2 protein chains.
Amino acid sequence: MLELKHLKTIVAITEHGSLVLAAEKLFLTQSALSHQLKEIESRLGVSLFIRKSRPLRLTAAGERLLETARSVLPLMSSAERDMQRFAGGEAGRLHIAIECHSCFDWLMPAINQYRNHWKDVEVDLSTAFNFVPLPALQKGRLDVVITSEPKPLNGIHYEPLFRFEILLAVANSHPLTQLERVPATALRNETLITYPVDQERLDIFTQFLRPADVEPMAIRTAELTLMMVQLVASGRGVCALPNWALAPYMKGGHISALPLGEAGLFSTLYLAVREEQLETPYVREFINIAKETCFQTLEGINVVATLH
Amino acid sequence: MLELKHLKTIVAITEHGSLVLAAEKLFLTQSALSHQLKEIESRLGVSLFIRKSRPLRLTAAGERLLETARSVLPLMSSAERDMQRFAGGEAGRLHIAIECHSCFDWLMPAINQYRNHWKDVEVDLSTAFNFVPLPALQKGRLDVVITSEPKPLNGIHYEPLFRFEILLAVANSHPLTQLERVPATALRNETLITYPVDQERLDIFTQFLRPADVEPMAIRTAELTLMMVQLVASGRGVCALPNWALAPYMKGGHISALPLGEAGLFSTLYLAVREEQLETPYVREFINIAKETCFQTLEGINVVATLH
DNA sequence: TCAGCAATATGAATATAATTCATTCTTTTA
DNA sequence: TAAAAGAATGAATTATATTCATATTGCTGA
């Protein structure tokens with residue numbers, strides 16, 4: 001009904017005092033404004049300007065609309081400016097999910113650093129594991145997924161971050177410490193502690209135990225790396241964790257970390273984004289900061305991390 | 001560029017979750033909304049909804065626009081409601097001017113009473129006499145003029161209020177009190193006190209002195225009726241005022257009021273409005289209240305006022 | 001008060017934009 | 001995985017806005 005165009009017209013006319021000048025400013029003809037004015041005046045059933053006088057003056061109704069224009073138009077300009085920022089990739093949304101549970105350790109510093117430089121990007125780290133991250137990424141519910149399983153999916157780009165080894169953490173007093181490397185079969189007599197997620201998502205099962213057709217004696221879960229380590233230290237089980245996640249706890253001297261199998265169990269961590277977002281500045285920049293920061297963090301705790 | 005229509009579309013889609021439902025609410029087809037959305041998205045260079053998911057969800061840019069819509073649309077509705085009030089004659093503007101200087105006395109009570117019932121009408125009583133009221137009324141700079149000279153003008157309607165007599169106020173001790181009626185020639189020896197306005201606007205000149213080709217000995221001016229009366233009482237001149245304006249001061253006993261000429265000097269007061277506004281409720285009502293109130297006020301001071 | 005000027009109004013023609021129709025493509029769900 | 005519901009698309013249509021040419025009106029100064 002009443003449109004912003006009309007408010008702009010009203011402002012232009014009152015500011016310049018005539019249709020001729022206002023039309024010029026709006027890049028229209030005087031006739032266009034006259035028709036437009038007549039149109040809204042008849043639609044609203046009120047007259048907005050006193051025509052019999054020059055310069056044109058507002059009626060009471062016109063004043064009321066001018067007031068509205070003066071509060072509404074700035075809001076719209078501001079919104080349009082923000083649209084330009086979104087369009088230019090200066091602002092946006094970054095909903096991140098991690099499949100790799102212990103990635104917290106290096107991801108949080110990365111996110112904090114990123115936030116400092118991209119205040120207009122709304123960052124959200126979802127730890128909720130009640131949905132499958134990669135399809136959600138495909139459909140736009142997520143924007144970044146950290147995963148170690150780069151399943152080829154339409155429109156998804158995987159950016160390799162680093163390669164790491166998964167080690168078995170055992171108590172110092174544990175008999176397995178006698179071995180150089182731990183074979184799969186050795187876990188038949190152990191309680192395995194894992195994150196409370198589906199076994200499909202744990203390399204220790206998919207890459208190590210299942211190929212050898214081994215089931216651990218028992219499985220129990222813990223939410224945090226710290227809790228796992230404490231359980232291991234007190235001899236209530238063993239757990240498989242990335243070398244860099246274990247490193248800080250090695251110093252305490254209560255646990256040992258052993259390679260798994262003859263070849264060792266290696267994995268690569270990937271950062272997945274939608275291809276269409278790959279060139280968007282604020283996404284591009286997050287990838288860069290994530291890479292930098294994870295290396296810094298990992299080096300800081302003296303773990304050799306090899307880029308894939 | 002970005003229009004209110006678009007904001008309404010965005011709100012409708014987010015509220016109903018689909019183009020089909022939103023289109024229904026907006027009395028459009030799904031196709032129309034799809035085209036519209038595509039249009040603004042491409043113009044802004046951002047996408048506003050995540051299309052791959054149903055129900056449709058907003059992107060960060062979309063959220064920003066929704067927020068704008070939620071603050072802007074209510075402002076617009078409110079403005080449109082007010083337009084309806086203006087259109088229905090419930091709200092408006094009443095710029096009043098008085099040519100008859102002493103009309104203050106009964107006009108102020110009228111205005112006060114009117115304001116109580118018509119809060120949405122902006123009443124303004126202009127006493128500035130630096131412009132000619134009737135042409136200003138014609139051109140819409142004024143809405144009501146109180147005058148005793150109903151000059152026939154295009155588009156102006158005169159509503160008669162009441163007829164009154166103009167009397168000459170003199171000090172009780174003044175020799176003229178000996179006369180029943182004052183002839184024009186008697187003023188040749190008097191100082192005439194008037195309001196500080198053009199003589200053209202004073203009936204004492206136009207209707208009484210000039211026809212008799214008489215000039216008073218001297219003329220001095222005073223702003224207020226009270227001041228005039230005080231000057232008269234102290235014997236420093238005489239003045240011509242409406243009977244009802246003089247009445248309150250008669251009680252003090254210091255001045256007398258004498259009829260002018262054989263026939264007396266009578267005048268009728270009119271309320272002038274533009275014809276086009278004659279049926280507008282808030283104007284109509286002002287005329288009614290003005291009539292009522294002036295009679296009440298005049299009766300209250302025991303002056304015989306005759307409707308024309 | 002009137003001529004002359006500058007501004008606004010108007011009607012018809014034109015250009016632009018919005019909407020629909022008919023259809024295809026996509027996503028969700030059973 | 002097929003069926004159903006929703007969204008996208010292109011062409012045709014309709015509605016709307018704008019211009020052009022011109023008439024009308026209001027203003028200014030002699």
Side-chain angles (χ1 to χ4, degrees), chain A residues 1-10 12-14 16-43 47-59 62 131-132 135-141 153-155 276, chain B residues 1-10 12-43 47-59 62 131-132 134-141 151 153-155 274 276:
Chain A
M1 169 71 182
L2 197 56
E3 279 295 353
L4 291 178
K5 177 177 54 169
H6 302 130
L7 297 188
K8 288 177 187 162
T9 300
I10 289 169
I13 296 177
T14 51
H16 298 103
S18 86
L19 295 194
V20 175
L21 291 184
E24 210 166 283
K25 296 289 168 184
L26 296 170
F27 303 104
L28 288 172
T29 61
Q30 170 271 325
S31 177
L33 289 202
S34 177
H35 282 297
Q36 192 182 104
L37 209 51
K38 189 185 174 187
E39 166 72 14
I40 47 172
E41 284 184 330
S42 81
R43 275 213 294 247
S47 84
L48 300 174
F49 288 92
I50 297 169
R51 298 328 197 351
K52 293 179 185 170
S53 91
R54 263 195 283 271
L56 256 45
R57 287 183 50 254
L58 286 166
T59 63
F131 60 91
V132 211
L137 175 63
Q138 238 181 342
K139 293 190 181 172
R141 290 172 54 199
L153 278 174
N154 224 318
E276 80 222 35
Chain B
M1 170 71 182
L2 197 56
E3 279 295 350
L4 290 179
K5 178 178 54 172
H6 302 129
L7 296 188
K8 288 176 188 163
T9 300
I10 290 169
I13 296 176
T14 50
E15 280 180 356
H16 298 102
S18 84
L19 294 195
V20 174
L21 290 184
E24 211 165 286
K25 296 288 169 186
L26 295 171
F27 303 105
L28 288 172
T29 59
Q30 170 270 323
S31 178
L33 289 201
S34 177
H35 281 297
Q36 191 181 106
L37 208 52
K38 189 185 175 186
E39 167 71 14
I40 48 172
E41 285 184 329
S42 80
R43 275 213 294 247
S47 83
L48 299 174
F49 288 91
I50 298 168
R51 300 324 193 8
K52 294 180 186 167
S53 92
R54 264 195 285 273
L56 255 46
R57 288 182 51 255
L58 287 165
T59 62
F131 60 93
V132 210
L134 286 171
L137 175 63
Q138 237 182 344
K139 293 187 182 172
R141 289 171 55 199
K151 179 162 46 166
L153 277 174
N154 225 318
R274 258 163 285 129
E276 80 222 35

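Values in this document were obtained by computation on a predicted structure and should not be read as measured data.
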Salt-bridged, Arg274(B) to Glu276(B), with N to O below 4.0 Å? yes

Is the phosphate of dT20(C) approached by Thr29(B) (side-chain N or O, under 4.0 Å from OP1 or OP2)? yes

At less than 4.0 Å, is any side-chain N or O atom of Arg51(B) found next to OP1 or OP2 of dT26(C)? Yes or no. no

Let's see if you can work this out: which of [options] has an atom nearest to the side-chain heavy atoms of [X]?
| X | options | result |
| --- | --- | --- |
| Ser53(B) | dT28(C), dA7(D), dA7(C) | dT28(C) |
| His35(A) | dG11(C), dT20(C), dT28(C) | dG11(C) |
| Ser31(A) | dT8(C), dG10(D), dT10(C) | dT10(C) |

Do you know which of Glu15(B), His16(B), Gln30(B) makes side-chain contact (heavy atoms from CB on, under 4.5 Å) with Leu21(B)? His16(B)

Contact class for [X] vs. all strands (heavy atom < 4.0 Å): base, sugar-phosphate, or nothing?
| X | result |
| --- | --- |
| Leu28(A) | sugar-phosphate |
| Leu56(B) | sugar-phosphate |
| Gln36(B) | sugar-phosphate |

How about Thr9(A) and Leu28(A): do any of their side-chain heavy atoms sit closer than 4.5 Å? no

Can you tell me if Arg141(B) has over 12 outside heavy atoms packed within less than 6.0 Å of its CZ? no

Is there a donor and acceptor pair closer than 3.5 Å between the side chain of [X] and the base of [N]?
| X | N | result |
| --- | --- | --- |
| Ser34(B) | dT9(D) | no |
| Arg54(B) | dT28(C) | no |
| Gln30(B) | dA8(D) | yes |

Measure the spacing between OG1 of Thr29(B) and NE2 of His35(B) and express it to the nearest 0.5 Å. 8.0 Å

Which comes earlier along DNA chain D counting from the 5' end, the contact point of Lys52(A) or that of Lys5(A), where each point is its nearest nucleotide? Lys5(A)

Tell me: [atom1] of [X] to [atom2] of [N], nearest whole Å?
| X | N | atom1 | atom2 | result |
| --- | --- | --- | --- | --- |
| Glu39(A) | dT10(C) | CD | C1' | 14 Å |
| Arg57(A) | dG26(D) | CZ | C1' | 15 Å |
| Glu24(A) | dT19(D) | CD | P | 13 Å |
| Leu19(B) | dT9(D) | CG | P | 12 Å |
| Leu37(A) | dT18(D) | CG | P | 13 Å |

Tell me which of Lys139(A) and Lys38(A) sits closer to the 5' end of DNA chain C, going by the nucleotide each one is nearest to. Lys38(A)

